[in-house]
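What follows is a short report on a single structure.
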There are 2 protein chains.
Amino acid sequence: MSLPHALLTSLLEQPCSGMDLARRFERSIGFFWPATHQQIYKELGKLEAAGWVRSSAEEGARGRKRCYEVLPAGEQELKRWVAEADDPPPLRDAMMVRLRAEAALGTGAGVENDLLHRLARHRTQLALYEDIEQRDFTGRELSAAEQLQYLILQSGLATEREQIRFCEKALALLETLANAGG
Amino acid sequence: MSLPHALLTSLLEQPCSGMDLARRFERSIGFFWPATHQQIYKELGKLEAAGWVRSSAEEGARGRKRCYEVLPAGEQELKRWVAEADDPPPLRDAMMVRLRAEAALGTGAGVENDLLHRLARHRTQLALYEDIEQRDFTGRELSAAEQLQYLILQSGLATEREQIRFCEKALALLETLANAGG
DNA sequence: TCTTTAATTGCAACTTGTTGCATAAAGGCA
DNA sequence: TGCCTTTATGCAACAAGTTGCAATTAAAGA
């Protein structure tokens, strides 16, 4: 479970409120560690109880807005965790199950729906990543931290492109099989 | 949640017991939809209650072994589900969080451990997939069902190769940064 | 001023998956 | 026969994530 460390990382980059964190997650760390605001609030409570962050009320804001910042103990914990090693996350993909089911059913069962839907989603996501690449990482010298962030983005770019290739290949094969079999 | 449909698919390919299913999952469907035997037993109970499979006691076997097979209603349900469309699974990868944390901490915090560990795992997995490719899909004509199964395997091959490329690239960048910064 | 709207924080129930352990039945062997 | 091992099935507690909604506070508008 990496949520606490994802939060520490994000707060280290920029102290802010729970709601701000949730918004930032949607367009940066959330690409590879999604989290809802409910998860984030609960976890911020634990981080504060553990003495890794502290919060202060913010005056003149709507609601009971509080600003969180990382304490030295939190930075220490983050360093400790970064040096650990995980197993790669097991992949779990319903579309592959569908393809296999289509093979077992032995007929035009309709996986194409899912393939086309995925294709559209991956193209959208790729376009988003390419925008970020253009805007943030192109045409200038990058600091060490920025080079690492760019590396992460490149992983996203490569993954989306691979997914697109796969969907196209699968659709082509299904068409070939349909023509041959019907 | 695709576990019920993954089980229906596997049972359609070959009726068998819960334990056999668990073993087969480990080296086929489980590559893209992992499941433990506890999950499988619980789900088989639900499938039987829904009238999608039926089971019969197997005589002369250890334990209370039962053989499960798909009923017509189950096959119908599988067909219905295959034609549905999902969103792609959100990826959630602690190593990316670590890379970003390393960037935020701004020092040699030690992500290399995780990168090297991943690299080894992905190489092992790739070798396994390549073995399966050699053994099951090379040097002969493939049926339509086999062509689809091969397609799925190729997705695994491409994913592992992409992961390996990424780890190597990340390690190279970290070394460059260390030399430049130190 | 009073009501409405928006922003922020938070609770609670539900689903899914994991982990560790328990039970049942058969085979092997002293 | 009695005990240990193996195979098969299953329960229970826990961990993590999702969904829907509630409560609090301030800004904006009538």
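Because only heavy atoms are used, hydrogens play no part in the values below, and waters and symmetry mates are left out as well, while side chains stay in. Naming convention: chains lettered A, B, ... in sequence-line order (proteins, then strands); numbering from 1 in each chain. A quick note: this is a predicted structure, and the numbers were derived from the prediction, not measured.
The nucleotide whose nearest atom lies closest to any side-chain atom of B:Y41 is, among D:dT19, D:dT9, C:dG10, D:dT9. Checked against C:dT8, D:dT18, C:dG17, the side chain of B:R92 finds its nearest nucleotide in D:dT18. Listed nucleotides: C:dT9, D:dG17, C:dA24. Nearest to the side chain of A:R66: C:dT9.
Remark: aromatic rings of B:Y129 and B:F31 are close, center separation under 6.0 Å.
Atom C1' of nucleotide C:dT18 and atom CG of A:D86 are separated by 16 Å, given to the nearest angstrom. Rounded to whole Å, the distance from NE2 on B:H5 to P on C:dT16 is 12 Å. Atom C1' of nucleotide D:dA8 and atom OH of B:Y68 are separated by 11 Å, given to the nearest angstrom. Whole-Å rounding puts the B:R64 CZ to C:dA22 P distance at 16 Å. Between the P atom of D:dA8 and the CG atom of B:L44 lies a distance of 14 Å, rounded to the nearest Å. Between the CD1 atom of A:I40 and the C1' atom of C:dA7 there is a distance of 15 Å, rounded to whole Å. Separating the CG atom of A:L21 from the P atom of C:dA7 is a distance of 17 Å, rounded to the nearest angstrom. Here C:dA12 presents its P atom at 16 Å from NE2 of A:H37, a figure rounded to the nearest Å.
For the pair A:Q39 and D:dA16, the criterion of a side-chain N or O lying under 4.0 Å from OP1 or OP2 is not met. Regarding contacts with the backbone of C:dA7, every side-chain N or O of A:R23 stays at 4.0 angstrom or more from both OP1 and OP2.
Between the side chain of A:R121 and the main chain of A:L116, no donor-acceptor pair closer than 3.5 Å is present.
When each of A:L3 and B:D20 is assigned the nucleotide of DNA chain D with its nearest heavy atom, B:D20 is the one assigned upstream, toward the 5' end. Each of B:C67 and B:P90 lies near DNA chain D, and the nucleotide nearest B:C67 is the one positioned closer to the 5' end.
Side-chain to base pairing of B:Q38 with D:dG10: one donor and one acceptor N or O lie within less than 3.5 Å of each other.
Atoms CZ and CG, from B:R24 and B:D20 in turn, are 7.5 Å apart once rounded to the nearest 0.5 Å.
Using a cut-off of 4.0 Å between Lys/Arg side-chain N and Asp/Glu carboxylate O, A:R54 and A:E69 are scored as salt-bridged. Using a cutoff of 4.0 Å between basic side-chain nitrogens and carboxylate oxygens, B:E160 and B:R123 are not scored as salt-bridged.
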